[in-house]
Structure formats: C-alpha cells, structure tokens
Amino acid sequence: IGGMVAVEAAPGTTSRWIAYVTDDDVDAAAARAAAAGGSVRIPPTPIPNVGRFAELADPQGAVISAFVSSNPPMPDPAGPPPAGIVCWNELLTTDPAGAVAFYQSVFGWGHGTMDMGPAGLYHLFKREDKDVAGMMQMPPDAAAPPLWMPYFLVADVDASFATAVSLGAMPFVKPADIPEVGRFAVLGDPTGASFALFKDAGPHST
C-alpha cells in the first residue's frame, strides 16, 4: 500500500506522505509542472524493474509525484476494499483556484465542487468523470504548509484514533461525521506526517 524512505534531517523538516499519480509520460508531466508555475524537486528518474517517476511541487508547495509503471497494470481487487489501504487523497492548499489550474495543466484533471454547508466548498479532482482526489482550503490557523494527505480506511475511526494517540500521534481533528459520506479523523504521526482515518457510511463500510 505504500513505501518509506529516510529523509535528511534539517531545521523545519518533517515527514510527509507523497501521493503518486500515473501518467503515460513522466518527462512531459515534469515539463508541464515547471511551465505551470510549480517546481521539479526530483527530475524524471528510472526505478529499476518498477517504472519512472518525478517528484513535483505545485505553486503553493504541496508535493506530489508523477509515475509510469514498466509493468502491466494490475486489475482492481474484487469486493469491498479492505481496511488499512489508502482510500482517498486530499490536497490542503492556500489557493484552491491556483491549484485547480495547476493540476488541470499537469495531469489533465477535471474539477467539480460539493457544498459542505458551514464548511464551505469541497473540491473534487476528476479523471474521465471519476472522482480521484479532493481539495480543501487550508484553515488559517494550520501550522503545516500546503500538502497532500492520505486517508486510510479503518473499521472503527474512534478506536483507531485512540490507538494512534496512545502511540504518540498528534490529534488534529477528532473523529467526526461527514453527512451521507462517512466518519473521519485527522492526525500527525510521531515524526510529523499528517494522515486521516476514514470509514465509509455506505453499504460497503467495514
């Protein structure tokens, strides 16, 4: 479901999760990112027997990677998704309009919105009319810079939240319901990487 590498410790540096977006031409995606006002943090690089990737940052500083596999695509698993997987990725940004323009330019994503009432608009990135990621305006009191955050599917958000806190996680958003969507919570692990927990309110919830 993911990997981990050590990063060089430096003042202000924290751990973070990085989402990977499939793209048929990683080199072209990197060029588009630079042209759209972002930056190329790691230039297009081969991963032996795996594929090719480039690490990009959008104009607000959120980091994401473009990736193309050198292996045939794997079929989607049958049945409801198991607990523990990354089920959603969400961009927290200081400039939603700028982020929409950037990701449309780089990955060709479509865009839609959902009215979340007092919480304001929730943005949806789309690929061929399928929702592939979300985006929210970063709260003004947020301590972290703009970032992509993974949502992990769990069987019980409250229990997993309590376990994470007992293991040293920082509680950012306590368990709460998203009407007609599910239940979620947001934490930072002991090394500083932000992540969310989620349980679907639909018929396939675990």
Side-chain angles (χ1 to χ4, degrees), residues 2 7 12-45 47 51-69 73 86-152 172-173 178-182 184 186 188 192-196 198:
V7 294
T13 299
T14 60
S15 301
R16 63 184 161 206
W17 287 89
I18 299 178
Y20 281 68
V21 179
T22 55
D23 194 288
D24 292 338
D25 190 333
V26 167
D27 295 69
R32 291 193 298 268
S39 60
V40 180
R41 292 169 51 92
I42 299 177
T45 303
I47 308 172
R52 188 172 178 83
F53 85 107
E55 187 175 288
L56 316 172
D58 68 23
Q60 292 72 48
V63 178
I64 197 165
S65 286
F67 173 77
V68 61
S69 176
V86 176
C87 60
W88 189 244
N89 283 284
E90 182 177 270
L91 174 63
L92 300 175
T93 183
T94 53
D95 183 5
V100 167
F102 177 81
Y103 290 102
Q104 285 180 331
S105 296
V106 177
F107 297 122
W109 285 350
H111 172 248
T113 58
M114 291 175 56
D115 187 352
M116 302 296 288
L121 288 179
Y122 188 79
H123 299 262
L124 293 165
F125 289 117
K126 299 173 178 288
R127 176 178 276 179
E128 297 179 353
D129 294 327
K130 180 181 179 181
D131 296 336
V132 294
M135 178 175 64
M136 290 185 63
Q137 173 81 43
M138 181 163 276
D141 59 347
L147 54 84
W148 280 94
M149 184 173 67
Y151 278 62
F152 290 93
F172 294 150
V173 179
I178 307 171
E180 300 182 12
V181 175
F184 83 111
V186 180
S194 298
F195 67 100
F198 180 74

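Quick note: numbers below take in every heavy atom, side chains included, and nothing from hydrogens, waters or symmetry partners.
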Would you list the pairs meeting side chain to side chain donor-acceptor pair (under 3.5 Å) in which at least one residue belongs to residues 106-115, sequence neighbours left out?
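Pairs touching residues 106-115 that pass the test: His111-His123.
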Over all atoms of both residues, closest heavy-atom pair of [X] and [Y]:
X: Phe152; Y: Cys87; value: C-SG, 4.2 Å
X: Phe102; Y: Pro59; value: CD1-CD, 3.4 Å
X: Ala66; Y: Phe107; value: CB-CE2, 4.0 Å
X: Ala62; Y: Trp148; value: CB-CD1, 4.0 Å
X: Ser194; Y: Pro150; value: O-CD, 3.7 Å

Measure the shortest side-chain to side-chain distance between [X] and [Y] over non-hydrogen atoms and say whether it is less than 4.5 angstrom.
X: Met138; Y: Leu92; result: yes
X: Glu55; Y: Val40; result: no
X: Met149; Y: Asn89; result: no
X: Pro44; Y: Phe53; result: no

Which residues satisfy the side chain to side chain contact (heavy atoms under 4.5 Å, CB included) test with [X], sequence neighbours excluded?
X: Pro139; answer: Asp141, Ala142
X: Tyr122; answer: Trp88, Glu90, Met114, Met116, Leu124, Met136
X: Ala144; answer: Leu147

Please confirm whether the backbone N or O of Pro43 pairs with a side-chain atom of Thr45, one donor and one acceptor, at under 3.5 Å?
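Answer holds: yes.
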Atom pairs and distances, donor-acceptor, side-chain atoms in residues 16-23, under 3.5 Å, two or more places apart:
| unit_1 | atom_1 | unit_2 | atom_2 | d |
| --- | --- | --- | --- | --- |
| Thr22 | OG1 | Arg127 | NH1 | 3.0 |
| Asp23 | OD1 | Asp25 | N | 2.9 |
| Asp23 | OD2 | Arg32 | NH2 | 3.2 |

Which value, rounded to the nearest 0.5 Å, describes the distance between Ser69 atom OG and Arg52 atom CZ?
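Output value for this atom pair is 13.5 Å.
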Test of ring centre spacing under 6.0 Å for Tyr103 and Phe125:
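Yes, close enough.
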Name all residues meeting the salt bridge (charged side-chain N to carboxylate O under 4.0 Å, His left out) criterion together with Asp95; count only those two or more places apart in sequence or in a different chain, and write none if there are none.
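Testing Asp95 for salt bridge (charged side-chain N to carboxylate O under 4.0 Å, His left out), a comparison that skips the adjacent residues, returns none.
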